[in-house]
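This report concerns only the one structure given below.
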Amino acid sequence: MSETAAQTLNDDGLPEPAVAPAWEPTGGLPALRITNVKAIPTAPDNIRLVVVKVETSEPGLYGLGCATFTQRPLAVVTAIEEYLKPFLIGRDPNDIEDIWQSAYVSSYWRSGPVLNNALSGVDMALWDIKGKRAGMPVYQLLGGKCRRAADVYVHAGGRDPQEVEENARRFLEQGYRFIRCQVAVPGYSTYGSQIRPKAAAPTFAQPLGLSQEPWEPTPYCRLVPKLFEHIRTALGDEVELLHDIHERIPPIAAIGLAKELEQYRLFFLEDPFAPEDNGYFPILRQQTAIPIAMGELYVNQAEYVPLIRDRLIDFIRVHLSDIGGLSPARKLAAFCEFFGVRTAWHGPGDVSPVGHAANLHLDLACYNFGIQEWTTFSERAREVFPGTPEARAGAIWSNDRPGLGVDIDEGLAAKYPFPAHPLNGAWPPVRRRDGTVVRP
Ligand code: MG
């Protein structure tokens, strides 16, 4: 690389402009520049989504990425519009790695969900652009398919074990074979168990902790083994069962629950501990062989690298946009492969269809794919996001269009602004009976 010619220095004595590298890695393709970066907030399913659109100097060529941090979306929009946009205009969108690394350190203090989501929006959009330019789906750029489609799991909740069973049976009839089961604890605010019908396709999504009922760990720990005894007896051995503790109980209670649940042969038990309690994993591992999935709350490699290196978890559950997008996720997946850890990327309704497509491209290209969490989008959301992945026979399939394969109808997206909310989408506190706030 040749040094740049004489540089102008700014008031701080730093070279200006300082953002573009001194090479032109066009790879034989015509020069291309980023001309605009914008955040698109939309909520077609009443869930606050943020998508980033990166426009280029080639007419009609743009990319989309998911930057959805549904509890703090306005902070992400500011990070994109006020910081990443001026940083990126004029850059060559081919330089995905250099853009990611330079934008990552441009705040000096880095990582965290707001900045990672903003970066993810740009990062995924750049992969989308590269795929469109190459005329290939992104999974081809990642090494090509190593499976036809990605098996998914869906959420069956209910007010009691019978209702969970009924809802699970409905999914089994639709061809799903991996079911996450969550049951309401009567009188308590329980994660993931309330029924929230959607307009077009009824699903059983999490209530996002909006209930004002209290939460107590002991009744939950008593009830969950009864749920799985009921479900395993009723549905037999074929179905794969999953459960999410959602970091809600004391670590030693989670270890006890994991041991009790081992006999029901779960596909995985998720988030037994909060990220703050990572130190409990070595203790859990010596007590039970129940498969452990962990990590939707992780934002920093310092949190997950030791768990993988020490073979303390079985499935990595990070939310792609919360760790910074497709670029860090593909490295993480490769790292996991060397330690026998499988992927199970976070995929609830607060991942946009663009983010779900990014999950899918990794699912198809990574040998160590484990399972994909799936949510059913309404027809309305599918109209806003043409090309949204579809589920058939219990799996999601690529539409094989170049790039990520999902577009956005911006006019339609604008018709679904964020719903009014006293906290702008933030989760209200869940409290114990005595008023002590608990983890959500
Ligand atoms: Mg979870």
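Whatever order the structure lists ligands and atoms in, that order sets their numbers, starting from 1.
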With sequence neighbours excluded, give me every salt bridge (Lys or Arg N to Asp or Glu O under 4.0 Å) pair touching [range].
{"range": "residues 292-311", "result": "E296-R317"}
{"range": "residues 108-123", "result": "none"}
{"range": "residues 182-191", "result": "none"}

Within 45° of the axis and under 6.0 Å from the centre of the six-membered ring of W397, does NZ or CZ of R148 qualify? no
Ring of Y62, cation from K132 - is the NZ or CZ under 6.0 Å from the centre and inside 45° of the axis? yes
In the protein, how many N/O/S atoms are under 2.8 Å from the Mg ion (ligand 1)? 3
Should the pair W374 and F377 be assigned to parallel (<30°), tilted (30 to 60°) or perpendicular (>60°) ring geometry? perpendicular
